[in-house]
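Some notes on the structure that comes next.
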Amino acid sequence: MKSISVGTEAVTGAAERPAFEWVDDAPLPNTLRLPAKVERMLVLNDVSEATLSTPEVADWLADPDTRVAAGGSNVVFATPRIPQAVMIVASGWSAEPTAAGAIELSVEAGLGLDALVRATAGRGWFGLEALAEIPGTVGAAPMQNVGAYGTEIADRTRWVEVWDRRERRIERFARDACDLSYRSSRFKREPGRWLIVRVGLRLSATPPADWPPVAYSGLDEAVDDWSARTGRARSAMSPAEYAEVITTVRLAKLPDWRGGWPGSAGSFFHNPVVAPEAAARLSRRWPDMPRFDVPGGVKIPAGWLIETAGLKGRREGAVAVSSRHALVLEHHGGASGAAFLRFAESVRDRVEDETGIRLMVEPECVTGR
Ligand SMILES: Cc1cc2nc3c(=O)[nH]c(=O)nc-3n(C[C@H](O)[C@H](O)[C@H](O)COP(=O)(O)OP(=O)(O)OC[C@H]3O[C@@H](n4cnc5c(N)ncnc54)[C@H](O)[C@@H]3O)c2cc1C
């Protein structure tokens, strides 16, 4: 990478390479491991304004046919071939402590989110540890406001810097202007307009008051286990140790996105928020239904709905509903993207027939030209 602003600490990404490169017939990485290639891809090793405003780069980015490709952990390639894409590999970051005990980060979009979590937690900084083991890049994280175990990237975001593909200029949005909400953002709601190039985050050198957070299912026991194993008080846990606990809990129910089979895109459907009357109707039929009051209605776990429709563990050829976590759809090798999508649709239809609730797909489905 070319250098980014250096605070007290700066970590550079890719070794010196040209600011951008073109690659033809490139495979598109994706954690579902569906066959996918792009005919021509612009690879950005540098995301400075000078590079992005180079005419051939700016023209490519302004073309609505150019898809932003990243880690591929939240996409379903329903088509095996797309014409054109851009990928950011610039992955440097810098950190600057403030007088108030905060650590301010500036991170280029191509860095892996999990790599950033490990690097910051390893330095004893609090704030990202609950996001350990989420695949994908830092640049994609604000797209759907990634979150897990009570932390969302929104909680730590100070700003998001984007290349406005239409107006051909860099813009920096303060956190509130990003409209970050449950699995959504202005970037997701305005597809094709923004290339996220850099994200500003604020972490803390000291633990929060309720450290370590254990409100989510399985965490209390896991933190207790850690305490018994190490002979140390729960409150003495470091952010890196907390990230390890999260990793263990997640790997017990989710496929390993780093390799091997099955492939998955993580949670495949959003947890639906339904009107109180609809929730009451379902509770009458299934008195044990888990339900959570949230602004706008009642949230019902989509995994519970899939399980209730009798689909947990259902396998059809190379595709399946996970037997460990019904919200995860798996690809066991050899399926086409179109076949995978048909299976996902059949799950959604069956849930709707059984429960009256229509689930919304979380990953982006990429279809042909
Ligand atoms: C096993 C597994 C577990 C997961 N667990 C979680 C979880 O706990 N919480 C959670 O929120 N998500 C989770 N996910 C989903 C996924 O990890 C996140 O959505 C992640 O942010 C996607 O990053 P990516 O780099 O793979 O993006 P991709 O999947 O490649 O892209 C996702 C979308 O963002 C766009 N995009 C990517 N980068 C940029 C950019 N720089 N600028 C503009 N647009 C961009 C793409 O065009 C696409 O529309 C999980 C996925 C898997 C496979």
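Just follow the structure's listing: the first ligand is 1, and inside any ligand the first atom is 1. Note that the coordinates shown come from a computational prediction; the quantities given were computed from them, not determined experimentally. All heavy atoms count here, side chains included; hydrogens, waters and symmetry mates do not.
Remark: distances from the non-hydrogen atoms of Lys188 to ligand 1 are all 4.0 Å or more. At least one heavy atom of Arg183 lies less than 4.0 angstrom from ligand 1.
Protein heavy atom at the shortest distance from atom 46 (C) of ligand 1 is Val68 O, 3.3 Å. Of all protein heavy atoms, the one lying nearest to atom 32 (C) of ligand 1 is Asn74 CB, 4.0 Å.
Of the candidates Thr137, Asn30, Thr151, it is Thr137 that places a heavy atom closest to atom 25 (O) of ligand 1. The heavy atom nearest to atom 27 (O) of ligand 1, considering only Ala132, Ala140, Ala130, is found in Ala140. For atom 10 (C) of ligand 1, the nearest non-hydrogen atom from the set Ala69, Ala148, Gly147 belongs to Gly147.
Between Trp211 and Tyr242, the ring planes lie tilted relative to each other; the angle falls in the 30° to 60° range.
Here the CH2-OG1 distance, from Trp125 to Thr206, works out to 13.5 Å after rounding to the nearest 0.5 Å.
With a 4.0 Å cut-off on non-hydrogen atoms, Trp194 touches ligand 1 through its backbone and not its side chain.
For the pair Arg186 and Phe173, the cation sits on the ring face: its NZ or CZ lies under 6.0 Å from the ring centre, inside 45° of the axis. Geometric assessment of Lys299 against the ring of Tyr182 yields a positive cation-pi assignment under the 6.0 Å and 45° thresholds.
Think of Trp261 as one node in a network of Ile, Leu, Val, Met, Phe, Trp and Tyr side chains linked at under 4.5 Å; it has no links at all.
For the side-chain contact (heavy atoms from CB on, under 4.5 Å) with Leu128, the lone residue among Thr151, Asp155, Asp114, Val117 that qualifies is Val117.
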